[in-house]
Amino acid sequence: MIKEFVLDGIVLYEAKHFDAKDILTCGQVFRYFDNGSHYSVISLDKKCDIVKEGDKIRLVTDDGEYFNRYFDLDVSYGAVIERLKGLPFMEEATENGKGIRILKQDPFETVVSFIISANNHIPRIKGIIERLCVSLGEKKDGYYAFPTAERLAGVDAKFYSDLGAGYRAEYLARTAADIAGGFPLDKINELDSESANKKLCTLIGVGPKVADCILLFGYARQDVFPVDTWIKKVYADIFSEGARSPKEIRRALIATYGELSGYAQQYLFYNKRG
DNA sequence: GGCCAGGGTAGAA
DNA sequence: TTCTACCATGGC
């Protein structure tokens with residue numbers, strides 16, 4: 001892939017491993033929109049339009065450096081896939097999702113988003129988060145920014161309940177207050193992934209799976225393996241057995257995919273869920 | 001109309 | 001430490 005910074009963003013050439021649909025619909029992010037002709041994605045207070053122009057892809061944004069990092073453009077996914085091939089199910093999964101990239105998202109936005117994701121459908125998750133941004137986020141040109149922790153801490157559980165958050169309303173209110181009150185999200189990177197997972201689990205509404213999602217999508221950790229209902233199905237496919245605990249499944253899958261677990265997990269999730 | 005979702009919490013065993 | 005009941009909501 002060849003990358004060129006231009007005035008209105010970034011242009012990608014020969015981008016075999018960059019596909020907007022693969023990246024945005026593989027369950028790692030919820031603030032994206034299919035505009036028919038192109039996709040848009042919002043991260044914090046920044047927006048990026050992903051426009052196909054023949055064999056080129058134009059990332060239209062006023063902050064190219066931010067989205068260069070966000071889309072993980074300095075990592076060769078061709079090299080990642082080469083390393084993954086040969087491991088169980090990776091031949092098919094990396095071909096089916098060859099345009100996937102793992103986004104480097106904002107940790108706070110990731111915490112809030114994945115608290116909402118728990119035991120929930122992706123279309124509904126998208127809706128709750130969007131209503132959250134419209135009601136509490138700063139208004140920008142044609143969209144709304146993700147609200148700050150202070151803004152989220154300024155409303156009560158009933159507010160989140162009225163947004164349709166269900167029983168996660170209490171979790172959101174308490175965790176927003178915790179983070180606005182000084183919970184050290186900025187020090188998570190000083191911890192190894194197991195310790196970081198435990199630390200994140202002290203947030204109300206964050207359990208082992210959500211903590212792994214936060215580490216993978218918000219802190220770019222690859223040595224984690226979020227186990228949800230889809231990964232349980234994948235596990236049954238790979239090992240021909242089911243009904244083991246998420247903890248055991250996680251350990252077995254990390255043993256299989258090692259330091260590439262995060263990548264493998266995402267290809268497997270996308271391949272299974274479709 | 002029932003099933004299920006990128007699960008977590010609190011309490012019991 | 002691990003197991004269980006319970007949880008709100010709405011897309012399908």
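Computed from a predicted structure; not experimentally measured.
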Note to self: Give me the atom names and distance for the closest heavy-atom approach of A:Gly218 to A:Thr110.
What the structure shows: CA-OG1, 3.9 Å
Next item on the list: Pick base, sugar-phosphate or nothing for A:Gly27, based on heavy-atom distances below 4.0 Å to the nucleic acid.
Entry: base
Note to self: Once you apply a heavy-atom cut-off of 4.0 Å, does A:Arg168 come out as touching a base, just sugar-phosphate, or nothing?
What the structure shows: base
Check: How would you label the contact of A:Ile122 with the nucleic acid (heavy atoms, under 4.0 Å): base, sugar-phosphate, or nothing?
Finding: sugar-phosphate
Check: Mind checking the C1' distance from C:dG10 to B:dT9? Whole angstroms is fine.
Finding: 22 Å
Next item on the list: Tell me, please, the opening and closing nucleotides of DNA chain B, 5' to 3', among those with an atom under 4.0 angstrom from a non-hydrogen atom of chain A.
Entry: B:dC4 to B:dT9
Next item on the list: Look at A:Asp74 together with A:Lys3 and state whether they make a salt bridge at an N to O cut-off of under 4.0 Å.
Entry: yes
Next item on the list: Look at all strands and tell whether A:Pro208 reaches a base, only sugar-phosphate, or nothing, counting heavy atoms closer than 4.0 Å.
Entry: sugar-phosphate
Notebook entry, point to check: Between the side chains of A:Asp106 and A:Ser43, does any donor sit under 3.5 Å from an acceptor?
Noted result: no
Note to self: Without decimals, in angstroms, what is the distance between A:Tyr160 OH and C:dT9 P?
What the structure shows: 17 Å
Check: Do A:Phe18 and A:Tyr77 have their ring centres less than 6.0 Å from each other?
Finding: no
Notebook entry, point to check: Between A:Ile204 and A:Phe269, who's closer to the 5' end of DNA chain B by nearest nucleotide?
Noted result: A:Phe269
Margin query: Under 4.0 Å, heavy atoms only, any strand: does A:Gln266 hit a base, just the sugar-phosphate, or nothing?
Written below: base
Checklist line | Heavy-atom pair of closest approach, residues A:Ala165 and A:Ile128 | finding: CA-CD1, 4.0 Å
Check: Between A:Phe30 and A:Phe114, does the ring centre distance come in under 6.0 Å?
Finding: yes
Notebook entry, point to check: Looking at side-chain heavy atoms only, is the closest gap between A:Glu65 and A:Phe5 below 4.5 Å?
Noted result: yes
Item checked: Check ion pair A:Glu259-A:Arg83 (N to O, under 4.0 angstrom) -> yes
Item checked: Worked check of side chain to side chain donor-acceptor pair (under 3.5 Å) between A:Tyr143 and A:Arg31 -> CA-CA 11 Å; A:Tyr143 64 98; A:Arg31 290 209 76 196; over 6 Å; no
Under-3.5 Å N/O pairs linking protein and nucleotides 2-6 of chain C:
{"unit_1": "C:dT2", "atom_1": "OP2", "unit_2": "A:Lys247", "atom_2": "NZ", "d": "3.2"}

Notebook entry, point to check: Which part of the nucleic acid, if any, lies within reach of A:Lys233 when heavy atoms closer than 4.0 Å are counted: base, sugar-phosphate only, or nothing?
Noted result: sugar-phosphate
Dump the pairs, protein N or O against N or O of nucleotides 10-12 of chain C, anything under 3.5 Å, distances to one decimal.
{"unit_1": "C:dG10", "atom_1": "N2", "unit_2": "A:His121", "atom_2": "ND1", "d": "3.0"}

Check: Is there a donor-acceptor contact under 3.5 Å linking the side chains of A:Asp223 and A:Ser193?
Finding: yes
Notebook entry, point to check: Side chains of A:Glu4 and A:Tyr13: is there a donor and an acceptor less than 3.5 Å apart?
Noted result: yes
Margin query: On the six-membered ring of A:Tyr32, is A:Lys126 placed so that its NZ or CZ lies under 6.0 angstrom from the centre and within 45° of the ring axis?
Written below: yes
Next item on the list: Classify the nucleic acid contact of A:Phe217 as base, sugar-phosphate or nothing, counting any heavy atom under 4.0 Å across all strands shown.
Entry: base
Item checked: Given DNA chain B, 5'-ward residue of the pair A:Asn120 and A:Val206, judged by closest heavy atom -> A:Asn120
Next item on the list: Could you give the distance separating C:dG11 and B:dG8 at their P atoms, to the nearest angstrom?
Entry: 23 Å
Margin query: What's the gap between B:dG6 and C:dA5 when it is taken at their P atoms, as a whole Å value?
Written below: 24 Å
Next item on the list: Would you indicate what A:Leu203 reaches in the nucleic acid, counting non-hydrogen atoms under 4.0 angstrom: base, sugar-phosphate, or nothing?
Entry: sugar-phosphate
